[in-house]
Amino acid sequence: MAKIKGEQLYLFAGQGALLPVGASTDCSVNMSAETVEVSARGQGRWRRFRPGKKTWNISCGGFYFDQEGVPTSLVAGSRMVGEVVKVAISVLAAELVAAGFDLADIQPDKEMTLVGEAIVTACDYSGSVGALATYSIALQGSGSLDQIS
């Protein structure tokens, strides 16, 4: 069983075609489910629960740069905050990541990808003199997060 490295986890997003969110240094997907208490009076001292609604979100950060005038991050500024986008979180092949790849040619893996719709809730760009500019993006899932078909 091969270990998956952090640089293999890659975010794709867009309102049309799925485009890679480039130069990422970290990416995470969080999934959770609430619990609903179903305890009835007279059932003793232990509470009982059943599964409730599920939710998910994605955060991603990295270096911000332009590749032939096209930003490598999801958005070109704040215009995407509050917008619905299609997202895919994919595990890329280790060989592909090791060899390097062109952002224009990369596609989500067909077997190791989760897809869904999300709302861009935050987009931060920062930098200081002498350092590389960075970005971070937060997306709140809306609906299910499913395996790519």
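Note that the numbering runs from 1 along the sequence shown for the chain.
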Kindly indicate, with the supporting measurements, whether the criterion side-chain contact (heavy atoms from CB on, under 4.5 Å) is fulfilled by Lys86 and Leu18.
-> CA-CA 7 Å; Lys86 183 176 178 183; Leu18 285 171; 3.9 Å; yes
Are Arg47 and Glu37 close enough, and set up right, to give a salt bridge (Lys or Arg N to Asp or Glu O under 4.0 Å), and what steps lead you there?
-> CA-CA 7 Å; Arg47 293 176 187 252; Glu37 185 174 355; 2.7 Å; yes
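Taking all atoms of both residues into account, the shortest heavy-atom contact from Val85 to Gln15 is CG1-CG, 3.9 Å. In terms of heavy-atom proximity, Trp56 sits nearest to Ala118 at CH2-CB, 3.9 Å. Here the shortest heavy-atom pairing between Leu114 and Met31 reads CD1-CE, 4.4 Å. For Val115 against Ala88, the heavy-atom pair with the smallest separation is CG1-CB, 3.7 Å. When every heavy atom of Tyr10 is checked against every heavy atom of Phe12, the shortest pair comes out as O-CD1, 3.9 Å. Of all heavy-atom pairs spanning Leu145 and Gly116, the tightest one is CD1-N, 4.1 Å.
A continuous path of Ile, Leu, Val, Met, Phe, Trp and Tyr side chains, each step under 4.5 Å between heavy atoms, connects Val81 with Leu139, placing both in one hydrophobic cluster. When the side chains of ILVMFWY residues are joined at heavy-atom separations under 4.5 Å, either directly or via intervening members, Val29 and Val87 end up in a single hydrophobic cluster.
Separation of atoms CD1 (Ile58) and CD1 (Ile137) is listed at 10.5 Å; rounding is to 0.5 Å. Atom OG in Ser28 sits 8.5 Å away from atom CG in Leu9 (nearest 0.5 Å). Residue Asp26 holds its CG atom at 8.5 Å from OG of Ser136, rounded to the nearest 0.5 Å. In this structure, the separation between CD1 on Ile119 and OG on Ser142 is 5.0 Å, given to the nearest 0.5 Å. Here Tyr135 contributes atom OH and Cys123 contributes atom SG; the two are 9.5 Å apart, rounded to the nearest 0.5 Å. Atom CD of Glu34 sits about 12.0 Å away from atom NZ of Lys54, to the nearest 0.5 Å.
Side-chain contact check for Arg50 versus Thr35: every heavy-atom pair is 4.5 Å or farther apart. With a 4.5 Å cut-off on side-chain heavy atoms, Cys27 and Ile89 count as touching.
For the residue pair Thr55/Gln140, the side-chain donor-acceptor check at 3.5 Å is satisfied.
Judged by distance alone, the side chain of Ser39 and the main-chain N or O of Arg48 form a donor-acceptor pair under 3.5 Å.
Residues satisfying the side chain to side chain donor-acceptor pair (under 3.5 Å) test with Thr121, not counting sequence neighbours, are none.
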